[in-house]
Amino acid sequence: MQSVLRKWRSPEKTGAQANPERHLLEANRNIRELIEDTTIPSAVRAELSAEFDEIESISNKLRRGEIHIAAFGRVGVGKSSLLNALLQRDAFSTSPLHGETTSEDRAEWQSLHDGHVVLIDTPGIDELDGEQREQLAHKISQRADVTLMLCESDLTDSEFQALEQLCTGHRTVLLVLNKADRYTAEELELLLQRLQDRCQEFLTPERIIATSAAPRPETVIRVDGLGREHEWNRERAPDLLRLKERLWSILEKEGQTLAALNAAIFASELDEKVATRIVAARKSVAEKIIHNYCIGKGLLVALNPVPITDLLAAAGTDIAMVIHLGEVYGFRMSRREASKLLLTISAQLIALMGAYWGMNLVSSVLKTASAGLSTALTAAAQGSLAWYATYLTGKMAQTWFSRGKSWGSSGPRDTARSILASLDRDSMIRTARDDILSRLKRS
Ligand SMILES: Nc1nc2c(ncn2[C@@H]2O[C@H](COP(=O)(O)OP(=O)(O)O)[C@@H](O)[C@H]2O)c(=O)[nH]1
Ligand SMILES: [Mg+2]
């Protein structure tokens, strides 16, 4: 299978800036290849259907030339207010009391020469528990081209964690200290300094910006000609100048590149996810196949006993098993190739187990048999050895396929050693014997 072996590299930002079209094309091609890859097991596809849908919508977003800016943060920090202030209209509902925004909400902001900017409002992160919050943070950072993480004072621990997580995804994140109107100039400077210090590992200072999305009216006192004081409230306009400047410089410089880059990162993350699931799915299918051949061979030998040493030699069923396992890993094997592989495998197993196989194992398995001296038991004992030998052979072959038709750096001997070491031989043989016995009784 191609996409497991082919490893997509996450595009570097600098590279993407140099050639956005190429990244866009690459992202789209990777997405298509992934969607059309017929070797992806249907179970894996079903499990990842949400991601495949997401990829589809990202690809539509790219086609429409949309850039998404999302506001993110605790309830009441002013996310909806900030987006409204950018839009200069009340597109998102705001509330002084509690989270007014319960789901993702969007509004179109401005047009760019090659697309337009969409603002996205999100529910407050503190309304959800830790795991959900993390998932939401991840989901938003996956989709949005620019994330505005809002706060209204120094960061709480959970805000800090959420921000750190957002920033690890290579995405563009701005930390916005909103409600700046509530602080004096000195307090604001100290707060910004504190945020810069705390976040220096993952945010440069120019990515931390103070705003007043919906400043409270200020109280003004005027003394008239008679020395009397007059007090009144003066409305204040939102202060978003620095944020707007920063956003526009990002959008102008990176614009569609940002969108293409994010799509590419998403596609490569999805590819990795699919690859991991495919590895797991293949493994479980391979296990089932090996198990079926074990039973088949075990019964065959139980019914037609052969000399024990022959159990380790390649036989027709083993060739079929190897070819079958190869298919699971996307390799088409000829009988000749399969026989050659089996020769290597049996050589390793004989070398490692020969002596033991000859004496201890046989007597230990036959121990129970000799007590009853029942032919069925003796046959089952032989069959269970065949079962075990087939299992080892299958495991060896599976390992070879899973490493891309290679023994890797360790070689076949070490591979056989570590497989043997990982198995509880006696209990496997007992299980095999019971299984064979019960099937023999049934037939
Ligand atoms: N003083 C002050 N209050 C603000 C500012 N921005 C928003 N608010 C108030 O904070 C409250 C919550 O705002 P909202 O936008 O609903 O927060 P959200 O839950 O993050 O969307 C509202 O009462 C807003 O008027 C600001 O810059 N300064
Ligand atoms: Mg809101």
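Ligands are counted one by one from 1 in listed order, and the atoms in each one are counted from 1 as well.
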Chemist: Should Gln398 and Tyr329 be marked as a side chain to side chain donor-acceptor pair (under 3.5 Å) after you check the CA-CA gap, both sets of side-chain angles, and the distance that decides it?
Modeler: CA-CA 8 Å; Gln398 184 202 350; Tyr329 285 89; 3.2 Å; yes

Chemist: Mind checking whether Ser93 has an N or O less than 3.5 Å away from an N or O of ligand 1?
Modeler: no

Chemist: Judged on heavy-atom distance to atom 5 (C) of ligand 1, which of Ser81, Ala214, Pro238 sits nearest?
Modeler: Ala214

Chemist: Any chance you could measure Ser346, atom OG, to Leu392, atom CG, to the nearest 0.5 Å?
Modeler: 12.0 Å

Chemist: Quick check on contacts: which atoms of ligand 1 are under 4.0 angstrom from a heavy atom of Val75?
Modeler: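 Answer for ligand 1: 19 (O).
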
Chemist: For Glu152, state whether at least one heavy atom is located under 4.0 Å from any atom of ligand 1.
Modeler: no

Chemist: Do ligand 1 and Ala180 have nitrogen or oxygen atoms that lie under 3.5 Å from each other?
Modeler: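 Min N/O separation from ligand 1 is not below 3.5 Å for Ala180.
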
Chemist: For the Mg ion (ligand 2), decide whether Ser81 has an N, O or S atom at a distance under 2.8 Å.
Modeler: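 Given the 2.8 Å cut-off, Ser81 does not count as a ligand of the Mg ion (ligand 2).
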
Chemist: Output, in order, the C-alpha distance, side-chain angles, deciding distance and verdict of side-chain contact (heavy atoms from CB on, under 4.5 Å) for Leu177 and Thr211.
Modeler: CA-CA 6 Å; Leu177 172 61; Thr211 59; over 6 Å; no

Chemist: Provide the closest heavy-atom pair for Lys395 versus Ile290 in the form atom of the first, atom of the second, distance.
Modeler: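 Lys395 and Ile290 have their closest heavy atoms at N-CD1, 3.8 Å.
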
Chemist: What are the two closest non-hydrogen atoms of Gly408 and Arg403, and how far apart are they?
Modeler: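 So the minimum-distance heavy-atom pair works out to N-CD, 4.2 Å.
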
Chemist: Looking only at N/O atoms, are Thr211 and ligand 1 under 3.5 Å apart anywhere?
Modeler: no

Chemist: Identify, by atom number and element, the atoms of ligand 1 in contact range of Lys79, meaning under 4.0 Å from any of its heavy atoms.
Modeler: 15 (O), 17 (O), 18 (P), 19 (O), 20 (O), 21 (O)

Chemist: Surrounding CD of Glu218 (heavy atoms of other residues, nucleotides or ligands, distance under 6.0 Å), is the total greater than 12?
Modeler: yes

Chemist: Hey, which atoms in ligand 1 end up nearer than 4.0 Å to a heavy atom of Arg74?
Modeler: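 In order of numbering, the contacting atoms are 20 (O).
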
Chemist: As an exercise, identify every atom of ligand 1 less than 4.0 angstrom from a heavy atom of Ser212.
Modeler: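 That gives atoms 27 (O) of ligand 1.
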
Chemist: I'd like to check which ligand 1 atoms, numbered from 1 as shown, lie under 4.0 Å from a non-hydrogen atom of Gly76.
Modeler: 10 (O), 12 (C), 17 (O), 18 (P), 19 (O), 20 (O)

Chemist: Considering the heavy atoms of Asp181, write down every atom of ligand 1 situated less than 4.0 Å from one of them.
Modeler: 1 (N), 2 (C), 26 (C), 27 (O), 28 (N)

Chemist: Is the closest N or O pair between Asn178 and ligand 1 shorter than 3.5 Å?
Modeler: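 Yes.
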
Chemist: Run His291 and Trp387 through ring pair (Phe, Tyr, Trp, His ring centres under 6.0 Å) and show every step you take.
Modeler: CA-CA 9 Å; His291 201 258; Trp387 193 105; 5.6 Å; yes

Chemist: Tell me the closest heavy-atom pair linking Ala416 and Leu352, and the distance in Å.
Modeler: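 Nearest heavy atoms, Ala416 then Leu352: CB-CD1, 3.5 Å.
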
Chemist: How are the rings of Trp400 and Trp407 set relative to one another: parallel (under 30°), tilted (30 to 60°) or perpendicular (over 60°)?
Modeler: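 Plane angle between 30° and 60°, so tilted.
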
Chemist: Indicate, as side chain, backbone, both or neither, the part of Arg182 found under 4.0 angstrom from ligand 1 when only non-hydrogen atoms are considered.
Modeler: side chain

